[in-house]
Amino acid sequence: MPLINVMCEKLTKETKDIIAEKLYACARQAMKAPSIKIFFNEYDTIYDNGIAVDTQDFEMIIEGPDLSKDQLSAMARQMQIEVQQAMDDPDLNVISVYHVNDHDHISNNGILLSERKSKD
């Protein structure tokens, strides 16, 4: 169950729509997953070490299948380009963290996917 969790300052719906479409395309190419959920967590104020900051960071936590270093690097670089273009800010700091999700770490209705009986 791949997902992208975006953390940023408030964006217009139009900007979110463009970014979501671009992030999906990048992730789909790398992950080969049929469905990728994208969440936007937008904030009025961002704090760094307990102090409000005026940041231009665009941060993402991405969860998906195990990918090679080359695949992750290419995906991160393409996502950076797409976000910077959508935000019309070539200097925007785009940060991404990738977590591997495998069937031992995902459950559906309390049952790990690795423990589900296959439908042969």
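Ile18 and Met75 fall into different hydrophobic clusters, where Ile, Leu, Val, Met, Phe, Trp and Tyr side chains are chained together by heavy-atom contacts under 4.5 Å. Tracing side-chain contacts under 4.5 Å through hydrophobic residues (I, L, V, M, F, W, Y), one never reaches Ile106 starting from Val100; they form parts of separate clusters. Placement of Leu72 and Leu23 within a single hydrophobic cluster is found when ILVMFWY residues are connected by side-chain heavy-atom separations under 4.5 Å, directly or transitively.
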So Gln84 and Asp91, side chain to side chain contact (heavy atoms under 4.5 Å, CB included) or not? Walk me through it.
CA-CA 7 Å; Gln84 288 173 334; Asp91 297 322; over 6 Å; no

Starting from the C-alpha separation in whole Å, work towards a yes-or-no answer on side chain to side chain contact (heavy atoms under 4.5 Å, CB included) for Met87 and Thr15.
CA-CA 7 Å; Met87 300 282 288; Thr15 301; 3.8 Å; yes

Any chance you could lay out the side chain to side chain contact (heavy atoms under 4.5 Å, CB included) test for Leu67 and Tyr98, step after step, and finish with the verdict?
CA-CA 10 Å; Leu67 300 175; Tyr98 193 87; 3.6 Å; yes

Passes side chain to side chain contact (heavy atoms under 4.5 Å, CB included), Met60 versus Asn5? Steps please.
CA-CA 5 Å; Met60 299 177 285; Asn5 189 2; over 6 Å; no

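Once rounded to the nearest 0.5 Å, the distance linking OG of Ser35 with CG of Leu3 reads 10.0 Å. Atom CG of residue Asp54 and atom CD of residue Glu9 lie 6.0 Å apart, to the nearest 0.5 angstrom. Ile46 contributes atom CD1, which lies 7.5 Å from atom SG of Cys8 (distance to the nearest 0.5 angstrom). Rounded to the nearest 0.5 angstrom, Tyr24 OH and Glu82 CD are separated by 14.5 Å. Rounding to the nearest 0.5 angstrom, the gap separating the CE atom in Met31 from the CD1 atom in Ile36 is 5.0 Å. Note that the CD atom of Gln80 and the SG atom of Cys26 stand 11.0 Å from one another [nearest 0.5 Å].
A side-chain N or O of Asn101 and one of Glu63 form a donor-acceptor pair less than 3.5 Å apart.
No more than 12 heavy atoms of other residues, nucleotides or ligands lie within 6.0 Å of NZ in Lys22, so this atom counts as exposed by the packing criterion. By the 6.0 Å contact criterion, NE2 on His99 is enclosed, its count of non-hydrogen atoms from other residues, nucleotides or ligands being greater than 12. The 12-atom threshold is not exceeded at NZ of Lys69, counting heavy atoms of other residues, nucleotides or ligands nearer than 6.0 Å. No more than 12 heavy-atom neighbours from other residues, nucleotides or ligands sit within 6.0 angstrom of CD on Gln29.
Between Ile38 and Ala20, the closest heavy-atom pair is CD1-O, 3.3 Å. Residues Asn41 and Tyr43 approach most closely at O-CE1, 3.1 Å, considering heavy atoms. The two atoms that bring Ala27 and Ile4 nearest to each other are CB-CD1, 4.0 Å, heavy atoms only. Summarising the geometry of Phe58 relative to Leu11, their closest heavy-atom pair is CE1-CD1, 4.4 Å, with the distance given to 0.1 Å. Of all heavy-atom pairs between Arg28 and Pro34, the closest is NH1-N, 3.9 Å. Contact record, Leu112 with Asp104: CD2-O, 3.6 Å, taken as the closest heavy-atom pair.
The shortest side-chain heavy-atom distance between Val94 and Met79 does not fall under the 4.5 Å cut-off. Taking 4.5 Å as the limit, every side-chain heavy atom of Ile62 sits out of range of all side-chain heavy atoms of Val97. Annotation: side chain of Met7 is in contact with side chain of Ile61 (closest heavy-atom distance under 4.5 Å).
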